[in-house]
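Note sheet for the following structure.
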Amino acid sequence: MMLTDSGWKAYLQDELTQTYMQELFHFLEKEKSSGKTIFPPQSEIFSAFDLTPFSQVKVVILGQDPYHGKDQAHGLAFSVLPGIKPPPSLVNIFKELKHDTGLGIPQHGCLKSWAKEGVLLLNNVLTVEESKAASHQNKGWERFTDKVIELLNANKENLVFILWGGPAQKKAKHLDQDKHFILKSPHPSPLSVYRGFMGSKPFSQTNAYLASKGIAPINWSLDSLNHG
């Protein structure tokens with residue numbers, strides 16, 4: 001499991017050699033060797049970093065852990081590849097996208113174009129066992145993604161952090177609210193979506209903040225798979 005040279009390697013290569021990360025990689029290999037199916041595929045675990053180079057990050061959307069259904073997770077938080085039915089959380093995100101921006105409901109659930117716009121679609125935990133939600137919590141990923149947030153906080157300015165749900169919001173302790181814009185709301189899961197996710201307007205608030213800093217806004221449209 002390696003990072004491509006998308007600017008992240010200079011910041012994270014030392015972290016990947018830390019003992020806790022080596023233990024995490026050993027755990028994943030052991031799980032795989034025992035016949036368990038791990039999502040996303042190994043080659044896609046770091047896809048969020050590959051598709052959104054460090055220098056291009058404008059927005060961070062933080063999820064919890066990958067989808068645990070077959071063929072769903074591909075390394076971007078909340079995203080599924082074309083042809084895969086959008087899971088309930090993503091359906092709710094699209095409902096809020098329409099309510100907030102007036103854009104139509106996308107015909108697919110692939111968020112790669114957001115990633116290419118500068119939206120880092122990062123989960124708190126980057127792997128999961130098939131059909132077992134949150135099965136890889138407390139294995140080391142949380143510490144790794146803490147480091148990612150700390151690096152972004154320290155080395156960039158005027159980022160937007162969209163924190164959906166309790167685990168994501170815990171990351172706020174690593175952020176300087178004078179340097180960055182932090183949006184918090186309940187998770188878009190059907191279990192919590194009506195506690196304040198709907199109507200939270202994360203997309204328009206993000207673009208208003210970026211514009212106020214002279215930064216090009218995000219094109220949230222997903223109408224074309226070739227966008228970006």
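Here the side chain of Gln177 pairs no donor or acceptor atom with the backbone of Ala172 at under 3.5 angstrom. Asn124 contributes no side-chain N or O that, together with a main-chain N or O of Glu142, makes up a donor-acceptor pair within less than 3.5 Å. Judged purely by atom type and a 3.5 angstrom limit, Gln205 uses its side chain to pair as donor or acceptor with the backbone of Ser200. Under the 3.5 Å distance criterion, the side-chain polar atoms of Asn158 are left unmatched by any main-chain donor or acceptor of Lys213. Not a single donor-acceptor pair under 3.5 Å links the side chain of Ser185 to the backbone N or O of Phe197. Side chain of Asp65 to main chain of Val125: no donor-acceptor pair is present (N/O by atom type, distance under 3.5 Å, no hydrogens or angles). Checked by atom type and distance alone, the side chain of Thr52 never pairs as donor or acceptor with a backbone atom of Phe49 at under 3.5 Å. Judged purely by atom type and a 3.5 angstrom limit, Glu29 has no side-chain atom pairing as donor or acceptor with the backbone of Leu24. Side-chain atoms of Ser47 do not come within 3.5 Å of backbone N or O of Gly75 as any donor-acceptor pair. A donor-acceptor pair under 3.5 Å links the side-chain atoms of Ser34 to the main chain of Glu31, judged by distance alone.
Phe54 has its side chain out of reach of Ser6: every pair of non-hydrogen atoms, C-beta onward, lies at least 4.5 Å apart. Between Ile182 and Ile162, every side-chain heavy-atom pair lies at or beyond the 4.5 Å cut-off. At least one side-chain heavy atom of Met198 sits less than 4.5 Å from a side-chain heavy atom of Val193. You'll find the side chain of Leu122 stays beyond 4.5 Å of the side chain of Ile61, heavy atoms only. Taking the side chain as every heavy atom from C-beta outward, Cys110 and Leu222 never approach each other to under 4.5 Å. Proximity of His68 to Ser135: side-chain heavy atoms (C-beta onward) are nowhere separated by under 4.5 Å. In this structure, the side chains of Phe161 and Leu152 come closer than 4.5 Å at one or more pairs of heavy atoms. Residues Leu12 and Val148 have side chains in contact (heavy-atom distance under 4.5 Å, counting atoms from C-beta outward).
Within a 6.0 Å sphere centred on NE2 of His174, heavy atoms belonging to other residues, nucleotides or ligands number more than 12. In Gln107, the CD atom is not crowded: 12 or fewer heavy atoms of neighbouring residues, nucleotides or ligands sit closer than 6.0 Å.
Interatomic distance, Leu90 CG to Leu111 CG, rounded to the nearest 0.5 Å: 5.5 Å. One finds the CD atom of Gln22 at 11.0 Å from the NE2 atom of His26 (value rounded to the nearest 0.5 Å). One finds the OH atom of Tyr209 at 8.0 Å from the CG atom of Leu159 (value rounded to the nearest 0.5 Å). Note that CG of Leu120 is 9.0 Å distant from CG of Leu76, once rounded to the nearest 0.5 Å.
Pairing each heavy atom of Asn123 with each of Thr145, the nearest pair is O-CG2, 3.4 Å. The shortest heavy-atom contact between His108 and Pro86 is C-CG, 4.4 Å. When all heavy atoms of Pro66 and Ala73 are compared, the closest pair comes out as CB-CB, 3.8 Å.
Residues meeting the side-chain contact (heavy atoms from CB on, under 4.5 Å) test with Asp71, sequence neighbours left out: Ile84. Taking Ser43 as the reference, nothing meets the side-chain hydrogen bond (donor to acceptor under 3.5 Å, both in side chains) condition, with sequence neighbours excluded. Considering only residues two or more places apart in sequence or on other chains, Ala168 meets the side-chain contact (heavy atoms from CB on, under 4.5 Å) condition with Leu62, Leu163. For Lys184, there are no side-chain hydrogen bond (donor to acceptor under 3.5 Å, both in side chains) partners, not counting sequence neighbours. Residues meeting the ring-ring contact (aromatic ring centres under 6.0 Å, His included) test with Tyr20, sequence neighbours left out: none. Applying the side-chain hydrogen bond (donor to acceptor under 3.5 Å, both in side chains) rule to Tyr11 yields no partners; only residues at least two apart in sequence or on another chain are considered. Every residue two or more places apart in sequence or in another chain that forms a side-chain contact (heavy atoms from CB on, under 4.5 Å) with Asn153 is listed here: Leu175, Asp176, His180. With sequence neighbours excluded, the residues satisfying side-chain contact (heavy atoms from CB on, under 4.5 Å) with Ser189 are Ser89, His187, Leu191, Ser192.
Residues Glu44 and His74 have side chains that never bring a donor and an acceptor to within less than 3.5 angstrom of each other. Under 3.5 Å, the side chains of His136 and Thr127 contain a donor-acceptor pair of N or O atoms.
Within the structure, salt bridge (charged side-chain N to carboxylate O under 4.0 Å, His left out) pairs that include any residue of residues 131-141 comprise Glu129-Lys132 (at least two apart or interchain). Contacts classified as salt bridge (charged side-chain N to carboxylate O under 4.0 Å, His left out) and involving residues 151-175 (residues at least two apart or in different chains) are given here: Asp146-Lys171. Residue pairs meeting the salt bridge (charged side-chain N to carboxylate O under 4.0 Å, His left out) criterion with at least one partner in residues 86-102, sequence neighbours excluded, are absent.
Placement of Tyr67 and Val91 in two distinct hydrophobic clusters is found when ILVMFWY residues are connected by side-chain heavy-atom separations under 4.5 Å, directly or transitively.
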For a side-chain contact (heavy atoms from CB on, under 4.5 Å) check, start with the C-alpha distance between Thr4 and Lys9, then their side-chain angles and the critical distance, and finish with the verdict.
CA-CA 7 Å; Thr4 61; Lys9 188 179 288 188; over 6 Å; no
Let's go through Trp220 and Val119 carefully: what are the C-alpha distance in whole Å and the side-chain angles of both, what is the deciding distance for side-chain contact (heavy atoms from CB on, under 4.5 Å) to 0.1 Å, and is it a yes or a no?
CA-CA 10 Å; Trp220 296 110; Val119 181; 4.1 Å; yes
Applying side-chain contact (heavy atoms from CB on, under 4.5 Å), run through Thr206 and Leu183 and close with a yes or a no.
CA-CA 8 Å; Thr206 291; Leu183 288 169; 3.8 Å; yes
For Glu130 and Ile38: C-alpha separation, side-chain torsions, deciding distance, then whether side-chain contact (heavy atoms from CB on, under 4.5 Å) applies.
CA-CA 6 Å; Glu130 183 177 19; Ile38 306 301; over 6 Å; no
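Residues Phe27 and Trp141 keep their aromatic ring centres 6.0 Å or farther apart. Aromatic pair Phe46/Trp8: ring centres not closer than 6.0 Å.
Residue Val128 belongs to a hydrophobic cluster whose other members are Phe39, with links defined by side-chain heavy atoms closer than 4.5 Å.
Relative ring orientation between Phe94 and Trp114 is described as perpendicular, the plane-to-plane angle rising above 60° on a 0-90° scale split at 30° and 60°.
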